[in-house]
Amino acid sequence: ELGAGGTLKRASPLVQAGAEVVMADIDEKALEMLRSLKRRSGMDNLSVQRMDFLEPFIFGDETFDAVIFRNILDMVSAEAGEWKDVSYGERKAEYVAHVRKNFFDQCLRVLKPGGVLVTEDCAYPKFDMNNDELSMIVAEYHKAVDPVKIARSAGFVVLNENREFEDGMLVVYRRPE
């Protein structure tokens, strides 16, 4: 699980079923919480790794059957930092799309053929196109950085897409065989 935070909420059922699970995050406090949970629960099939999601992933090619992440795309884009001084617009959209494409490329690389990527992320707002210039710019930006479009461009196949899942969107992808 990428961007695991300090919880085993999504990974616990997998660990209990006997799967080998790797939890990765960049935040040292979250990692320490995960290590503590691991020690207390005795989950020997759980490992905890520090990982910078802007760098090439620390895992080898075709390592995992599944990759899960929740609310990480905006964090990955924000961590890149360069765009913070750029208002909504074409340059920011191109940069964020590039960062996200690299992230999806890495997810594809570490998945085995036929592997599954499960993403739960922020929902992108639906804008009332009332010809308000700012609304139109923001709507165009969100179209350009849409994670489903970017994941497809990385080579993923969409298995299920729910843009009204809880407070965000849930998408399940598959790496082609």
Side-chain angles (χ1 to χ4, degrees), residues 1-84 95-112 115-125 142 145-148 150-151 154 156 158-175:
E1 180 174 348
L2 305 177
T7 178
L8 296 174
K9 179 182 175 183
R10 287 166 298 285
S12 186
L14 298 170
V15 172
Q16 290 172 357
E20 294 289 324
V21 175
V22 177
M23 306 288 283
D25 206 302
I26 193 168
D27 183 87
E28 206 47 59
K29 287 181 183 179
L31 294 170
E32 200 45 53
M33 289 174 65
L34 289 169
R35 289 182 190 110
S36 176
L37 287 168
K38 177 186 174 177
R39 282 190 299 275
R40 288 195 318 257
S41 66
M43 295 179 173
D44 294 331
N45 52 334
L46 173 71
S47 65
V48 178
Q49 300 280 334
R50 184 179 189 286
M51 195 167 110
D52 182 345
F53 302 116
L54 294 177
E55 300 295 325
F57 290 3
I58 59 177
F59 310 108
D61 295 355
E62 300 180 2
T63 301
F64 299 105
D65 296 309
V67 172
I68 300 169
F69 70 78
R70 182 176 188 270
N71 293 339
I72 198 170
L73 289 177
D74 284 331
M75 285 186 256
V76 167
S77 302
E79 279 179 27
E82 181 179 306
W83 65 268
K84 289 180 181 177
Y95 183 72
V96 171
H98 171 75
V99 169
R100 290 181 175 188
K101 172 75 165 55
N102 287 342
F103 182 80
F104 277 110
D105 286 343
Q106 288 297 306
C107 290
L108 189 77
R109 182 184 65 76
V110 302
L111 276 170
K112 294 176 182 174
V116 175
L117 172 65
V118 180
T119 69
E120 184 183 336
D121 222 339
C122 302
Y124 291 93
H142 283 288
V145 301
D146 180 67
V148 174
I150 294 170
F156 281 102
V158 176
L159 298 178
N160 190 347
E161 177 181 351
N162 180 350
R163 291 188 182 251
E164 296 181 14
F165 178 76
E166 294 178 4
D167 61 347
M169 59 189 280
L170 176 72
V171 185
V172 180
Y173 305 91
R174 182 179 51 78
R175 176 186 169 173

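Numbers here are sequence positions counted from 1. Because only heavy atoms are used, hydrogens play no part in the values below, and waters and symmetry mates are left out as well, while side chains stay in.
- Remark: L111 CG to D61 CG distance equals 11.0 Å, nearest 0.5 Å.
- Between I58 and R50, the shortest heavy-atom contact is CD1-O, 3.8 Å.
- The ring of F53 has its center no closer than 6.0 angstrom to the ring center of F69.
- No side-chain heavy atom of V96 sits under 4.5 Å from any side-chain heavy atom of V99.
- Among V67, V171, V148, the single residue meeting the side chain to side chain contact (heavy atoms under 4.5 Å, CB included) criterion with T119 is V171.
- Taking OG of S47 as the start and CG of L34 as the end, the distance is 10.5 Å to the nearest 0.5 Å.
- With sequence neighbours excluded, the residues satisfying side chain to side chain donor-acceptor pair (under 3.5 Å) with S36 are R40.
- Residues passing the side chain to side chain donor-acceptor pair (under 3.5 Å) test with E55: none are found, sequence neighbours excluded.
- Salt-bridge check for D105 with R109: failed, with every basic side-chain N at 4.0 Å or more from each acidic carboxylate O.
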Throw together a table of side-chain donor-acceptor distances under 3.5 angstrom for residues 11-26, partners on residues two or more places apart or in other chains.
residue: S12; atom: OG; partner: Q16; partner atom: NE2; Å: 3.3
residue: D25; atom: OD1; partner: D27; partner atom: N; Å: 3.0
residue: D25; atom: OD2; partner: A4; partner atom: N; Å: 3.3
residue: D25; atom: OD2; partner: G5; partner atom: N; Å: 2.7

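- Using cut-offs of 30° and 60° on the angle between ring planes, the pair F156 and F104 is perpendicular.
- When all heavy atoms are compared, the tightest approach of T63 to K112 is O-CE, 3.5 Å.
- Under a cut-off of 6.0 angstrom, the local environment of CE in M33 is sparse, with at most 12 non-hydrogen atoms contributed by other residues, nucleotides or ligands.
- Under the side chain to side chain contact (heavy atoms under 4.5 Å, CB included) criterion, L170 pairs with V118, E120, F165, sequence neighbours left out.
- Taking the side chain to side chain donor-acceptor pair (under 3.5 Å) definition, one finds that D44 meets it with nothing, sequence neighbours left out.
- Between E32 and R39, the shortest heavy-atom contact is OE2-NH2, 3.5 Å.
- When all heavy atoms of C107 and F57 are compared, the pair lying nearest together is N-CE2, 3.7 Å.
- A donor-acceptor pair under 3.5 Å links the side-chain atoms of R175 to the main chain of L108, judged by distance alone.
- The distance from the CG atom of L31 to the CZ atom of R35 is 5.0 Å, given to the nearest 0.5 Å.
- Taking the side chain to side chain donor-acceptor pair (under 3.5 Å) definition, one finds that R10 meets it with E1, sequence neighbours left out.
- Of all the heavy atoms in R100 and V145, the pair that sits closest is NH1-O, 2.7 Å.
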